[in-house]
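Side chains included, hydrogens not; waters and symmetry mates left out as well; all remaining heavy atoms used.
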Amino acid sequence: MSLALESLPKDEYFYSSLADGVYLRAECQGTPEFVDQSQSLRYAMSRFQKQFAANVARFLPNDEGAVLSAMASGDKSRLSDEITDNYRAAGISHLLVVSGLHLSLVCGVFAARTGRLWRFRALASVLLVLFMMALTGFSPSVLRAGVGALILHLGSLFLLPADSLTSMGIAAVLISFQSPYAVCDLAFQLSFAAALGVVLAGERIKAGQADSTKERPLLSRIKAAAASLLLPTMFAALFTLPVQLMGGLTVSGVTVLSNLLALPLAGYCVVFGMLAGACGFVPGLEFAARSFSLLGGLLAKLLNALAAFCAGLPLAQLPLPREYSLVVLAASAFAVLCARRLGFKRLAWLTALPLVIVGVAWAALLEQGTVEMAVLGSGASPCVAVVQDGQALVVFRGGGSNAEQVQEYLQSKGVEMPEWVIDLRTNASSALPEAAHTLSIKDFAVNESKSLSVCDIMTTVIRLRKGSLVLLDVDGYKIAVLAGTANTGSPVHTDLAVTGSTAPANLQAKTLVVSTACDWHAKQDSNVYFVPRGARVLIRPGRAAVLKGGNYALQQNTVA
């Protein structure tokens, strides 16, 4: 048997694949033959993880079993899209991934250095951390938390104090030795940023307790309890926000509330889930396994209800502009640093609040009336989503993966459902994204056209003999989206055209937006804007248009 090896495509999954240790793609030449299961430790632990997760979910309904097994073992194969979307929108999706939080919850019982068996508890913590790291396949996020926890508990075993920031730094260095691309893993970045926020929150709490020694004891205790409850969650949300923006993730506006409600339940879910999974391997402990599983399932059901409730709140999904939000965060961080340098340590964090308020107000003013068009999906048949002031129109081609990308993009823009979906497929093999209204080109007669509008976006849909054409007019800026050759007979002049792999006929566009390079591009008089990862077009009606996300393949002219 031979394998054909090729390099990885440089798409949005490129660095994530490198972080997972995948450097090449292989295609089997011929029919593979099953020989035997691998007996290496990695695959043995993978099989053990699947059986462990099956033990956890054995006596539970699908949703509760999926959540409990994900929290206890890291196996997310049972999670439904609805559950995943609810947890992501509520800002508590980290509960479904074994990370430093889970290690802390499970090992916290061994942390105290009191009693006669404190050395035994520290050793048990070390063994438990190693077990959970192996159970989850030594993923980068668990490695970071695991190495930090090992340093902490080994220090406790030898009566040596462990500094949290030093432990995190050593963990990052050790993980980078194992794989220099591990830092590209988004889960690792989120875990590291959240841990840094929690550590700094702890230092802020200690400083506040030291400053409040002259206050009344009752007031001091109330302030300390409130700070311990709120600051870690707020700092973790704040420090992970830049990572979420850079990773293109949806930002939740209710993450502090949802974490405050969910975290008290999460620890018991992890403990009951792990007990159920462990007891499931012992035949005589089936009753105990069932009991622990049911107790964890009740808590998981409550967690699912909390996630669904928080995901339905008005600010659950914040459509923050990526670059602008990062600039506002950087300016706020600089203001905090300057305030601390000038000696205003107590008011340092408050200096960022006016900047954030002004930044949000200015962003809302700039976004008003702006039209954003996104080119999504496969290179051969890309689809287009256009959004203005919370309303959207989708010109759809392709299959299920395109529909998923459209749905994710609209969610990131705060749009629950587009106003119109125009289906350019004549032989549909998959479902469309949900919409208030749909228009299918297969219901048109040849040369038949229809017009519709969404906000400032005037749209004309035409079915032609060998294809179809959609013309979008945004206050004089014309965009064409084509399927097939789209031969109109007479030339069509546009500012921008989104094409697939087929060369259009009689189209004269200033700029072509293409996801896949083709031979016919060199024969066009238009500029060719190459966007293998998709593109964004920002249009201020009557003013300007800007292309983002790719590069000009032939020559560059100003888009206006």
Side-chain angles (χ1 to χ4, degrees), residues 248 319 321-324 366-379 381-398 402-403 405-415 417-424 433 435 439 451-461 468-483 486 492-500 504 507 509-516 526-552 557-560:
R322 176 182 172 183
E323 293 84 358
Y324 180 82
L366 292 177
E367 287 280 319
Q368 190 70 29
T370 300
V371 176
E372 179 172 315
M373 186 188 80
V375 180
L376 308 164
S378 65
S381 300
C383 51
V384 168
V386 190
V387 178
Q388 183 184 30
D389 295 337
Q391 297 191 50
L393 176 145
V394 176
V395 182
F396 189 78
R397 293 188 297 177
N402 280 18
Q405 289 193 38
V406 168
Q407 198 66 37
E408 290 176 2
Y409 168 75
L410 293 179
Q411 288 179 357
S412 70
K413 302 301 295 181
V415 178
M417 183 181 296
E419 188 70 18
W420 282 94
V421 169
I422 302 170
D423 188 6
L424 299 186
L439 195 65
S451 298
L452 54 94
S453 64
V454 175
C455 296
D456 294 332
I457 309 162
M458 306 301 296
T459 306
T460 303
V461 186
S468 53
L469 173 66
V470 177
L471 293 173
L472 307 173
D473 190 323
V474 183
D475 197 14
Y477 188 85
K478 294 179 173 58
I479 304 169
V481 184
L482 303 101
V492 176
H493 299 269
T494 63
D495 297 284
L496 195 72
V498 180
T499 65
L507 177 69
K510 295 180 181 178
T511 302
L512 295 179
V513 176
V514 299
S515 301
T516 302
S526 310
N527 294 328
V528 178
Y529 194 72
F530 185 52
V531 289
R533 302 186 187 182
R536 302 289 186 271
V537 184
L538 301 178
I539 306 168
R540 297 296 299 271
R543 297 184 183 180
V546 178
L547 287 173
K548 292 187 176 183
N551 62 282
Y552 284 93
N557 291 335
T558 302
V559 180

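Met373 pairs in a side-chain contact (heavy atoms from CB on, under 4.5 Å) with only one of the listed residues (Ile479, Leu547, Leu538), which is Ile479. Each of Val384, Val421, Val387, Leu472 was checked for a side-chain contact (heavy atoms from CB on, under 4.5 Å) with Leu393, and the lone residue meeting it is Leu472.
Remark: Ser381 pairs with Ser378, Arg397 by the side-chain contact (heavy atoms from CB on, under 4.5 Å) rule, at least two apart or across chains. Scored by the side chain to side chain donor-acceptor pair (under 3.5 Å) test, Asp423 finds Arg425 as partners (sequence neighbours excluded). Applying the side-chain contact (heavy atoms from CB on, under 4.5 Å) test to Glu408 and every residue at least two apart in sequence or in another chain returns nothing. Taking the side-chain contact (heavy atoms from CB on, under 4.5 Å) definition, one finds that Ala480 meets it with Leu469, Leu471, Leu482, Thr494, Ala497, Leu507, sequence neighbours left out. With sequence neighbours left out, Gln388 forms a side chain to side chain donor-acceptor pair (under 3.5 Å) with Asp456. With sequence neighbours excluded, the residues satisfying side-chain contact (heavy atoms from CB on, under 4.5 Å) with Gln407 are Gln411, Pro433. Partners of Glu372 by salt bridge (charged side-chain N to carboxylate O under 4.0 Å, His left out), not counting sequence neighbours, listed by chain and number: Lys413, Arg536.
Nearest heavy atoms, Ser526 versus Leu512: CB-CG, 3.9 Å.
Side-chain atoms of Tyr477 and Leu496, non-hydrogen and from C-beta on, do get closer than 4.5 Å to each other.
Under a 3.5 Å cut-off, the side chain of Asp473 and the backbone N or O of Lys478 do not form any donor-acceptor pair.
Here the CG-OG distance, from Leu376 to Ser515, works out to 9.0 Å after rounding to the nearest 0.5 Å. Between the CD atom of Gln368 and the CG atom of Asp389 there is a distance of 4.5 Å, given to the nearest 0.5 Å. In this structure, the separation between CD1 on Ile422 and CZ on Phe396 is 13.0 Å, given to the nearest 0.5 Å.
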CA sep, side-chain torsions, deciding dist, call: Leu410, Val394, side chain to side chain contact (heavy atoms under 4.5 Å, CB included)
CA-CA 10 Å; Leu410 293 179; Val394 176; 4.3 Å; yes
Steps toward side chain to side chain contact (heavy atoms under 4.5 Å, CB included) verdict (Val386, Val454)
CA-CA 9 Å; Val386 190; Val454 175; over 6 Å; no
